[in-house]
There are 2 protein chains.
Amino acid sequence: MMLENRHSVAEILSRQPLFVGLSEAELQQIAQTTREYRVQKNEIVFQKGESPQGMHLVIMGQIKLAIPSPQGSEKVMHIVNPGQSFGEAVTFLDKPYPLSAQATQDSIVLLIDKQSLLDAIDENPRLARKMLASLSVRLHELMSDIENCALRTSAQKVASYLAQECRNTATDIWTIELGSSKQTLAARLNLAPETLSRVLGQLSKSGIIEVHGRKIQVLDRARLDETAR
Amino acid sequence: MMLENRHSVAEILSRQPLFVGLSEAELQQIAQTTREYRVQKNEIVFQKGESPQGMHLVIMGQIKLAIPSPQGSEKVMHIVNPGQSFGEAVTFLDKPYPLSAQATQDSIVLLIDKQSLLDAIDENPRLARKMLASLSVRLHELMSDIENCALRTSAQKVASYLAQECRNTATDIWTIELGSSKQTLAARLNLAPETLSRVLGQLSKSGIIEVHGRKIQVLDRARLDETAR
DNA sequence: AAAAAAAATTGACGCGCGTTAAAGAAGATA
DNA sequence: TATCTTCTTTAACGCGCGTCAATTTTTTTT
């Protein structure tokens, strides 16, 4: 994939949900101060505490956002996939990054300059609304996350994660392809990898699911939902 | 306190951080579709799952936002004090409330209509930016919350809460007045009330703090910070 | 001021889940 | 294909914190 000129950057931007509806000129302006960067698997994009330069938009690959704990473990806050952005919130405040970003795969990311994003928002109410909606979505996701880690047992966490994934698939065949390693998933659900493994084994034994590596087949949707709550 | 006419509503709005800088006309327009409501202590403002009508702005009293769990317990997500707002995020999405709101004191709240808020944002980029900043702040708060409940022990939770409160006070005398009952604080920190009580007792015994009802005197700031991490 | 209700404290107990350790499976490297 | 690394699974163990229960303190009601 080659992104060597401004034109293609603007084109890519125009395909992002956040930017549809912007005029060609507006896109060009944003594209002008947008730079592309590439990171290899496991490479750190930024550390908690650094100063943000703008909004990141994942084009290819996957970025993991996590809060490192002093004891070495970490809490995975978000897995960012292509088409999604991160670092917006910090752009509207003047604060350092509250978490670290690390690539889980070789990735290509666009970095949209802070100031030109703010300028674009000033001139385009529709963009402002989209940004507001986007932040609101993140806010709701975070609240589900808190709900998850605050008042659910390990089995409930796993079951409700799987149930959520089922809802996201369009088909009626409940096969879930985990988007990340089980380690990472465990961290996202706030579980030790061993616990996740045990819960999956247990759900398999009760005939609710069937696990084949990173593919999980849901056999009994009703009992899955029941386990989730 | 009487708020019976539009003029005073506009005036109150103009004093809210979110609305400073708006023109008189803009304020009047928002005020026109803003209504005041009062709730008594323990009264429910809205339940999880209901449809939102707009943004709530607390004038007097205190509102508790919490996610009820099926087992009857609840996770307190936020305590909203005078001058603060809630329900913005849901205004920019078309989703039901993800949590319930309940007054912990007799309260007076303004309800700003969804549509006129959106209109005001369209016409005023500064307001848009303020809303973005406001949502970003909430987002960061939620992330600290997750950090709190995901990778801290009970003593760390309490200590970091107290340390945070210290930072919020302007003075160098570290006396913290809990803004709510210890039960509610415990729920916010994701602790059983008994655990909170034990931790406070323990911190007292080590000479780090001194507890007098809802007033907490911090005696050893350094060791408090150390306990927090 | 007395009675009732709610909140806070204290102790005993048990369970869920993290920790440690070790072995097996899957992917990467050459 | 063989070796090394990383990921996943399984088992044994222990601790932190929630649960239950009883008492004391504080707040509210009359």
Side-chain angles (χ1 to χ4, degrees), chain A residues 40-43 62 64 69-76 102-106 148-159 161 177-205 209-216 227, chain B residues 40-42 62 64 69-76 102-106 148-161 177-205 209-216 227:
Chain A
Q40 292 180 349
K41 181 171 175 175
N42 293 329
E43 199 176 326
Q62 189 181 67
K64 176 184 76 178
S69 98
Q71 289 78 21
S73 74
E74 61 173 19
K75 160 66 187 167
V76 177
Q102 184 180 20
T104 60
Q105 300 170 18
D106 294 350
N148 217 17
C149 87
L151 29 80
R152 295 223 250 255
T153 66
S154 59
Q156 288 174 329
K157 289 179 188 182
V158 176
Y161 171 80
E177 168 82 33
L178 299 183
S180 56
S181 71
K182 290 187 183 171
Q183 284 186 120
T184 306
L185 175 59
R188 241 192 75 67
L189 298 179
N190 245 273
L191 297 174
E194 295 89 337
T195 304
L196 173 60
S197 183
R198 269 173 222 131
V199 171
L200 287 177
Q202 188 176 311
L203 289 175
S204 298
K205 208 161 59 182
I209 62 172
E210 219 167 57
V211 183
H212 300 106
R214 283 195 182 182
K215 278 199 177 56
I216 293 179
T227 308
Chain B
Q40 292 182 347
K41 180 172 176 174
N42 293 329
Q62 189 181 68
K64 177 184 76 178
S69 99
Q71 289 77 20
S73 75
E74 60 173 21
K75 161 64 187 167
V76 176
Q102 183 180 22
T104 60
Q105 300 171 18
D106 294 350
N148 217 17
C149 86
L151 30 81
R152 296 225 248 263
T153 66
S154 59
Q156 288 174 328
K157 289 179 189 182
V158 176
S160 70
Y161 172 81
E177 168 83 34
L178 299 183
S180 56
S181 71
K182 290 186 183 173
Q183 286 187 117
T184 306
L185 176 60
R188 241 194 75 66
L189 298 178
N190 245 269
L191 298 174
E194 294 91 333
T195 304
L196 172 61
S197 183
R198 271 175 217 128
V199 171
L200 286 177
Q202 188 176 312
L203 289 174
S204 298
K205 208 161 60 184
I209 62 172
E210 218 166 59
V211 183
H212 301 106
R214 284 195 181 180
K215 280 199 176 55
I216 293 179
T227 307

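Convention: sequence-line order gives letters A, B, ...; per-chain numbering from 1.
At whole-Å resolution of the value, CG in A:Asn42 and P in D:dT6 are 9 Å apart. A straight line from CG of B:Leu151 to C1' of D:dG16 spans 16 Å, rounded to a whole angstrom. One interatomic measurement links the two molecules: CG of A:Leu200 to P of D:dC7, which rounds to 17 Å at whole-angstrom precision. Taking atom CZ of B:Arg152 as the reference point, atom P of D:dC17 lies 13 Å away to the nearest angstrom. Distance CG (A:Asn190) to C1' (D:dG16): 15 Å, rounded to an integer number of Å. Between the CD1 atom of B:Ile216 and the C1' atom of C:dA8 there is a distance of 13 Å, given to the nearest Å.
Evaluation of the side-chain contact (heavy atoms from CB on, under 4.5 Å) rule for B:Asp106 yields B:Gln40, B:Lys41 as partners, not counting sequence neighbours. Legend: residues meeting side-chain contact (heavy atoms from CB on, under 4.5 Å) with B:Gln62, ordered by chain and number and at least two apart, are B:Ile79, B:Asn81, B:Thr104, B:Gln105, B:Ser180.
Here A:Leu191 lies in heavy-atom contact (under 4.0 Å) with sugar-phosphate atoms only.
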What's touching nucleotides 19-24 of chain D from the protein side, N or O pairs under 3.5 Å?
from   : atom 1 : to       : atom 2 : distance (Å)
D:dT19 : O4     : B:Arg198 : NH2    : 3.2
D:dC20 : N4     : B:Glu194 : OE2    : 3.2

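Between the side chain of B:Ser204 and the backbone N or O of B:Leu200 there is at least one donor-acceptor pair closer than 3.5 Å.
When both pairing distances are held under 3.5 Å, D:dT30 makes a Watson-Crick or G-U pair with C:dA1.
The two residues A:Ile216 and A:Leu178 come nearest to each other via the heavy atoms CD1-CD2, 4.2 Å.
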